[in-house]
Number of protein chains: 2
Amino acid sequence: MSGPIETEAGARPQQVAWRLFLTVHALACRRIDSGLLAEECISFDDYDVLLTVNEAAGETLRMSELAEAVLLSNSGMSRRVARLVERGLLHRDQCTQDGRVFRVRLSRAGRRALEKAWEVYSGLIEESFAAHVSEGEAKMLGGIFQRLLDRIGSEKHRGLLAAGVTDAPKRKS
Amino acid sequence: MSGPIETEAGARPQQVAWRLFLTVHALACRRIDSGLLAEECISFDDYDVLLTVNEAAGETLRMSELAEAVLLSNSGMSRRVARLVERGLLHRDQCTQDGRVFRVRLSRAGRRALEKAWEVYSGLIEESFAAHVSEGEAKMLGGIFQRLLDRIGSEKHRGLLAAGVTDAPKRKS
DNA sequence: AAACATTATTTGCGCTTGCAACTAAATCAA
DNA sequence: TTGATTTAGTTGCAAGCGCAAATAATGTTT
């Protein structure tokens, strides 16, 4: 986003890119959100949670890990998970070794919901993003974004996993 | 974001890029948000509103134009502007030709707040984004994002202006 | 073991949002 | 002109969020 004075002419390409980045993000997310809603899938945000759980080593995560991975506050995640449990998409069981921690995993219905949503979601990504970017460009973008993530993200955020960059050796529950 | 089944191995580069895109957005925005807060500036979202008003042709915009440009619902914008008026950063005056429309413009204090925020914000963009992207890469990103915007954005969204693609005739302060 | 400190998660609260219903102003119809 | 329609913007409502305080389970002293 450019500054308050000069704006149109003198903006550096990085600033222009930043601003476009914000706008594209907002537009694409809006489309995807409403696309999922229209097909009666779980929401974009819920998808993110279920996917993160599904991908976790051992297919289970503690509340705080999940919150961190999805970039939501702990309290926000607590309530989000409560709703998902309520709807039968997630199990949330207390850890036997340490009664303070709760582990979350997909239920059968949760897995089905995730799979159904993926069918829709992948099409929406295609239509709102992927179709407009060549494979070479996508690799470039991925490289740049990964670099940004390495520099500004504290550590294990979703993208690392997606890009297969993680080296976490852990095994399941 | 990759799908529920295969994920790490078989993901297309576009899907990897998409997921990283989401994560980088969330992380960078989080940093910028808290950076602005720490320096006692207006919020990221308010900045966006004030900047959009400032850049508008004639430095004034109707409520609905503003909402569209900033990608907020009309009701959300109505309340956001009410708060900004309350705080003395914006004027909101009823149009004399058509009493239904309200035009918004920066107050003096609003302009000062915008300028002060820009000093901080530009540093935060630098640190969270620009510093990690070369000028050539930034141009590439800008090109790709602009293309995406052209394809998925209905029309005049902020990015068009930032990229100097608009043909609006405005001049500065 | 009793008291204190620490860690994991959940609640209370206030704020912001979007949708849908509402009000007000302008335009169209007769 | 009066009445119906459309348009611009604002509210009522029921979410969701983050912060800070509360709760609960462990750990650590002494």
Side-chain angles (χ1 to χ4, degrees), chain A residues 25-27 29-38 42-50 53 56 60-87 89-105 173, chain B residues 25-27 29-38 40 42-50 53 56 60-87 89-105:
Chain A
H25 178 271
L27 283 169
C29 287
R30 180 198 253 187
R31 270 172 159 252
I32 287 173
D33 257 340
S34 60
L36 286 170
L37 181 63
I42 55 179
S43 76
F44 192 27
D45 292 336
D46 285 340
Y47 181 86
D48 203 7
V49 171
L50 297 194
V53 173
T60 184
L61 239 37
R62 332 152 64 144
M63 296 297 295
S64 49
E65 291 170 333
L66 187 50
E68 166 82 4
V70 175
L71 294 171
L72 198 65
S73 69
N74 286 332
S75 57
M77 183 54 76
S78 178
R79 282 185 268 244
R80 183 167 286 276
V81 166
R83 268 170 272 142
L84 288 166
V85 169
E86 183 79 25
R87 288 162 57 194
L89 303 179
L90 233 43
H91 293 302
R92 168 182 163 289
D93 8 53
Q94 192 163 21
C95 180
T96 45
Q97 280 92 4
D98 185 338
R100 289 170 303 184
V101 344
F102 288 81
R103 298 196 149 271
V104 163
R105 65 194 160 79
S173 173
Chain B
H25 178 272
L27 284 169
C29 287
R30 178 199 253 188
R31 269 171 158 252
I32 287 172
D33 257 340
S34 59
L36 286 169
L37 181 64
E40 295 177 315
I42 55 178
S43 74
F44 192 27
D45 292 336
D46 286 339
Y47 181 86
D48 203 8
V49 171
L50 297 193
V53 172
T60 185
L61 238 39
R62 339 157 58 153
M63 297 297 295
S64 49
E65 292 170 333
L66 187 50
E68 166 81 4
V70 176
L71 295 170
L72 197 64
S73 69
N74 286 332
S75 59
M77 184 54 76
S78 179
R79 281 185 268 243
R80 183 167 286 276
V81 165
R83 268 169 270 143
L84 289 167
V85 169
E86 183 78 26
R87 289 162 56 193
L89 303 179
L90 235 41
H91 293 301
R92 168 180 163 289
D93 6 55
Q94 191 162 22
C95 180
T96 45
Q97 280 93 1
D98 185 338
R100 288 170 303 182
V101 345
F102 288 81
R103 297 197 149 272
V104 164
R105 67 194 159 81

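Residue numbering restarts at 1 for every chain, and letters A, B, ... go by the order of the sequence lines.
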Asks: With a 4.0 Å cut-off on heavy atoms, is Arg83(B) in touch with a base, just the backbone sugar-phosphate, or nothing at all?
Replies: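 It contacts sugar-phosphate atoms only.
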Asks: Got a donor-acceptor contact below 3.5 angstrom from the Ser78(A) side chain to the Asn74(A) backbone?
Replies: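 Checked: no pair found.
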Asks: DNA chain D: Phe102(B) or Cys95(A), which has the more 5' nearest nucleotide?
Replies: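 Its nearest nucleotide lies further toward 5', so the answer is Phe102(B).
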Asks: Roughly how many Å is it from CE in Met77(A) to P in dT11(C), rounded to a whole number?
Replies: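 Computing the Met77(A):CE to dT11(C):P distance gives 16 Å.
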Asks: Under 3.5 Å, is there an N or O donor on one side and an acceptor on the other linking the side chain of Arg92(B) and the base of dG9(D)?
Replies: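 Not at all, since no donor on one side and acceptor on the other fall under 3.5 Å apart.
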Asks: Find the distance Asp45(B):CG to dT17(C):P and express it as a whole number of Å.
Replies: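 The answer, rounded to whole Å, is 7 Å.
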Asks: Check the distance between dG9(D)'s C1' and Glu68(B)'s CD and give it to me in whole angstrom.
Replies: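 Value for this atom pair: 15 Å.
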Asks: Between the side chains of Arg83(A) and Asp46(A), is the shortest nitrogen-to-carboxylate-oxygen separation below 4.0 Å, so that they form an ion pair?
Replies: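 Result for this pair is no, no salt bridge flagged.
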Asks: Determine the contact category for Gln97(A): base if any of its heavy atoms lies under 4.0 Å from a base atom, sugar-phosphate if only primed atoms, P, OP1 or OP2 are that close, otherwise nothing.
Replies: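 Sugar-phosphate: the residue Gln97(A), judged by heavy atoms under 4.0 Å, touches backbone atoms but no base.
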Asks: Once hydrogens and angles are ignored, does a donor-acceptor distance under 3.5 Å link the base of dT7(D) to the side chain of Arg100(B)?
Replies: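 Such a pair exists between side chain and base.
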Asks: So, does Ser64(B) get its side chain near the phosphate of dT7(D), meaning an N or O under 4.0 Å from OP1 or OP2?
Replies: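 No, because none of the side-chain N or O atoms of Ser64(B) sits under 4.0 Å from OP1 or OP2 of dT7(D).
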Asks: Starting from C1' on dT16(C), measure out to CG on Asp46(B) and report it in whole angstrom.
Replies: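 It works out to 11 Å between those atoms.
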Asks: By the 4.0 Å heavy-atom rule, please label Ser75(A) as base, sugar-phosphate, or nothing.
Replies: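 Base, at least one base heavy atom under 4.0 Å.
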Asks: So how far is it from Leu61(A) CG to Met77(A) CE, rounded to the nearest 0.5 Å?
Replies: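 If I round to the nearest 0.5 Å, the distance is 9.0 Å.
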Asks: Starting at atom CG of Asp48(B), determine the distance to atom P of dT17(C), rounded to an integer number of angstrom.
Replies: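 Roughly 12 Å, once rounded to whole Å.
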Asks: Looking at Arg79(A) and dG12(C), is any side-chain donor or acceptor paired with a base atom of the opposite kind under 3.5 Å?
Replies: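 Result: at least one qualifying N/O pair found.
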Asks: Grab the two heavy atoms, one from Val104(B) and one from Leu90(B), that are nearest each other, plus how far apart they are.
Replies: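 Scanning both residues, the minimum pair turns out to be CG1-CG, 3.4 Å.
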Asks: dA8(C) C1' sits how many Å from Leu72(A) CG, rounded?
Replies: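 It is 16 Å, rounded to the nearest whole Å.
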Asks: Can you check the Asn74(A) CG to dG12(C) P distance for me, whole Å?
Replies: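 Rounded to whole Å, this separation is 17 Å.
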Asks: Between Gly99(A) and Gly76(A), who's closer to the 5' end of DNA chain D by nearest nucleotide?
Replies: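 Upstream on the strand: Gly76(A).
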Asks: Grab the CE-P distance between Met63(B) and dT11(D) for me, whole Å please.
Replies: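 From Met63(B) CE to dT11(D) P: 10 Å.
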Asks: Quick one: is dT17(C) close enough that its OP1 or OP2 comes under 4.0 Å of any side-chain N or O from Arg80(B)?
Replies: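 Checking Arg80(B) against dT17(C): at least one side-chain N or O falls below 4.0 Å of OP1 or OP2.
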Asks: Taking C-beta and beyond as the side chain, do Arg30(A) and Asp33(A) meet within less than 4.5 Å on heavy atoms?
Replies: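 No, every pair of side-chain atoms sits at 4.5 Å or beyond.
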